[in-house]
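To keep things clear, I will list the structure first and then write my remarks on it.
Every chain is numbered from 1, with letters handed out A, B, ... down the list of sequences.
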There are 2 protein chains.
Amino acid sequence: MIDRIIQKIKDKGGRMTIQRVTILELLAKLDHPTAEEIFQYTHDRFPSLSFTTVYNTLKSFKQLGVIQEYYMEERSRFELSEKPHPHFHCLQCGCLNDLDPGKITIIMDETLEEELAPVDVELFLHGFCQDCRRNEDKS
Amino acid sequence: MIDRIIQKIKDKGGRMTIQRVTILELLAKLDHPTAEEIFQYTHDRFPSLSFTTVYNTLKSFKQLGVIQEYYMEERSRFELSEKPHPHFHCLQCGCLNDLDPGKITIIMDETLEEELAPVDVELFLHGFCQDCRRNEDKS
DNA sequence: ATAAATGCAAATGCTTTGCATTGCC
DNA sequence: GGCAATGCAAAGCATTTGCATTTAT
């Protein structure tokens with residue numbers, strides 16, 4: 001799967017560096033990481049990898065269409081995906097979780113679709129995640 | 001309508017000042033303004049109104065449940081509304097437009113709704129607004 | 001060879017905070 | 001009168017930029 005993404009990046013004229021591969025692997029491993037989380041993890045294996053490179057790379061990946069960026073209340077979160085899909089966002093801890101797209105149907109008026117020609121559709125449910133609700137119960 | 005909102009703010013223990021009324025009126029008048037846009041407009045009629053007060057007030061209004069804040073790519077946009085509703089967001093100019101909720105239906109699996117108990121649902125269509133498409137055609 | 005990617009330091013820009021003053025209820 | 005709101009200056013923090021160096025293709 002990562003190989004396919006690397007190929008796509010190269011096909012579009014992007015270059016692969018150790019830094020970029022490391023960031024790509026982290027994007028596959030972590031769950032909707034922030035730029036800082038990516039930096040922290042890379043720092044372990046790759047101390048010279050800079051924050052600037054994390055940002056440059058994420059921006060580049062985004063333009064190449066291999067990742068999504070979600071602008072959450074707290075900060076941006078990233079995801080290895082070509083299209084946005086529905087998410088649950090916790091109002092307390094700020095975590096982001098994928099939702100099964102099969103369990104949510106969005107029906108749009110045809111005239112609206114033609115008129116606006118949306119490039120993509122973003123949907124968030126906001127609430128309190130299980131972990132946060134569990135901790136709330138204890139107190 | 002503004003009177004009703006003022007009443008709600010007071011009922012919840014908030015106080016009304018000239019600054020707050022001015023900001024409230026601007027929220028009613030402007031279309032999804034940013035904090036800066038609000039500040040610019042208030043500055044005309046009310047030069048002493050500070051940026052801090054704009055931010056304080058928006059934060060307070062949000063906690064009191066009279067406005068919504070949308071975290072867009074460019075910056076936050078605000079809206080006089082108790083609940084979020086569907087929007088169209090322009091990928092070029094960053095403008096935000098209300099969508100007729102009647103033209104978009106979101107159907108959620110019952111089990112999902114019970115499990116997550118979402119507080120609210122946010123939906124964005126991303127694309128290019130009419131103005132931006134028109135300008136694009138000219139070039 | 002050349003155009004892209006890296007990484008440092010510095011800058012930017014939005015937003016928040018501390019705190020003394022003001023003013024609503 | 002008491003507590004919330006104001007507004008100034010300063011700080012905070014995520015993200016971006018300039019630029020010289022390195023490196024993939």
Side-chain angles (χ1 to χ4, degrees), chain A residues 3 5-27 32-43 45-64 66-78 94 96, chain B residues 3 5-27 32-40 42-43 45-64 66-67 69-78 94 96:
Chain A
D3 290 345
I5 296 167
I6 289 175
Q7 198 52 50
K8 182 172 175 183
I9 293 169
K10 285 188 174 179
D11 287 350
K12 293 198 173 186
R15 292 182 187 174
M16 287 313 297
T17 58
I18 317 161
Q19 290 90 334
R20 291 187 152 207
V21 174
T22 309
I23 291 172
L24 215 42
E25 285 171 354
L26 279 174
L27 281 163
H32 303 90
T34 61
E36 197 185 348
E37 282 162 4
I38 293 171
F39 176 73
Q40 296 296 351
Y41 274 79
T42 49
H43 210 69
R45 323 181 196 171
F46 210 119
S48 78
L49 201 159
S50 71
F51 232 124
T52 306
T53 295
V54 172
Y55 277 111
N56 284 343
T57 302
L58 290 171
K59 195 174 199 176
S60 175
F61 283 178
K62 193 179 162 190
Q63 280 169 348
L64 293 165
V66 301
I67 64 169
Q68 292 298 312
E69 176 170 7
Y70 299 108
Y71 301 89
M72 309 312 292
E73 169 158 10
E74 303 80 16
R75 59 207 150 305
S76 274
R77 290 191 172 275
F78 299 86
L96 204 59
Chain B
D3 291 344
I5 296 168
I6 290 174
Q7 198 50 52
K8 183 173 174 183
I9 292 168
K10 285 189 176 178
D11 287 349
K12 292 196 174 188
R15 290 182 188 174
M16 287 313 297
T17 58
I18 316 161
Q19 290 90 334
R20 291 188 154 206
V21 174
T22 309
I23 292 173
L24 215 42
E25 285 171 355
L26 279 174
L27 281 164
H32 302 91
T34 62
E36 198 185 347
E37 282 163 4
I38 292 171
F39 176 72
Q40 297 296 351
T42 49
H43 209 67
R45 320 183 198 172
F46 210 120
S48 77
L49 202 159
S50 70
F51 233 123
T52 306
T53 295
V54 172
Y55 277 111
N56 283 345
T57 303
L58 290 171
K59 195 174 200 175
S60 174
F61 283 178
K62 193 179 161 191
Q63 281 170 348
L64 293 166
V66 300
I67 63 169
E69 177 171 7
Y70 300 108
Y71 301 88
M72 309 312 291
E73 169 158 11
E74 303 79 16
R75 59 208 152 302
S76 273
R77 289 191 172 276
F78 300 87
L96 204 58

Quiz item: So, does Arg77(A) use its side chain to make a donor-acceptor pair with the main chain of His32(A) at under 3.5 Å?
Solution: yes

Exercise. Taking Glu25(B) for its side chain and Thr22(B) for its backbone only, find out whether a donor-acceptor pair lies under 3.5 Å.
Key: no

Exercise. On DNA chain C, check which nucleotide each of Pro47(A) and Leu64(A) is closest to and give me the residue with the more 5' one.
Key: Leu64(A)

Practice problem: Using heavy atoms to find the nearest nucleotide of DNA chain C for Thr57(A) and Phe78(B) separately, return the residue whose nucleotide is more 5′. | Solution: Thr57(A)

Send over the distance from [X] [atom1] to [N] [atom2], rounded to a whole Å.
X        : N       : atom1 : atom2 : result
Arg20(A) : dA4(C)  : CZ    : C1'   : 8 Å
Arg75(B) : dT16(D) : CZ    : P     : 14 Å
Leu49(A) : dA5(C)  : CG    : P     : 14 Å
Lys62(A) : dT15(D) : NZ    : P     : 11 Å
Lys59(A) : dT15(D) : NZ    : P     : 12 Å
Gln19(B) : dC24(C) : CD    : P     : 8 Å
Phe46(B) : dA5(D)  : CZ    : P     : 15 Å
His43(A) : dC8(C)  : NE2   : P     : 9 Å

Is there a side-chain polar atom (N or O) of [X] under 4.0 Å from OP1 or OP2 of [N]?
X        : N       : answer
Ser48(A) : dG7(C)  : yes
Ser76(A) : dT15(D) : yes
Tyr55(A) : dT15(D) : yes
Thr53(B) : dA5(D)  : no

Practice problem: Give a yes or no on whether a salt bridge exists between Lys59(A) and Glu69(A), defined as a side-chain N under 4.0 angstrom from a carboxylate O. | Solution: no

Exercise. Determine whether more than 12 heavy atoms belonging to other residues, nucleotides or ligands lie under 6.0 Å from atom CZ of Phe51(B).
Key: yes

From [options], nucleotide with atom closest to [X] side chain:
X        : options                  : result
Ser60(B) : dT6(C), dA5(D), dG7(D)   : dA5(D)
Arg15(B) : dT15(D), dC25(C), dC8(D) : dC25(C)
Thr17(A) : dG7(C), dT6(D), dT6(C)   : dT6(C)
Thr52(B) : dA5(D), dG7(C), dG18(C)  : dG18(C)

Quiz item: Looking at the rings of Tyr71(B) and Tyr71(A), which for Trp means the six-membered one, are their centres under 6.0 Å apart?
Solution: no

Exercise. Pick base, sugar-phosphate or nothing for Thr34(A), based on heavy-atom distances below 4.0 Å to the nucleic acid.
Key: nothing

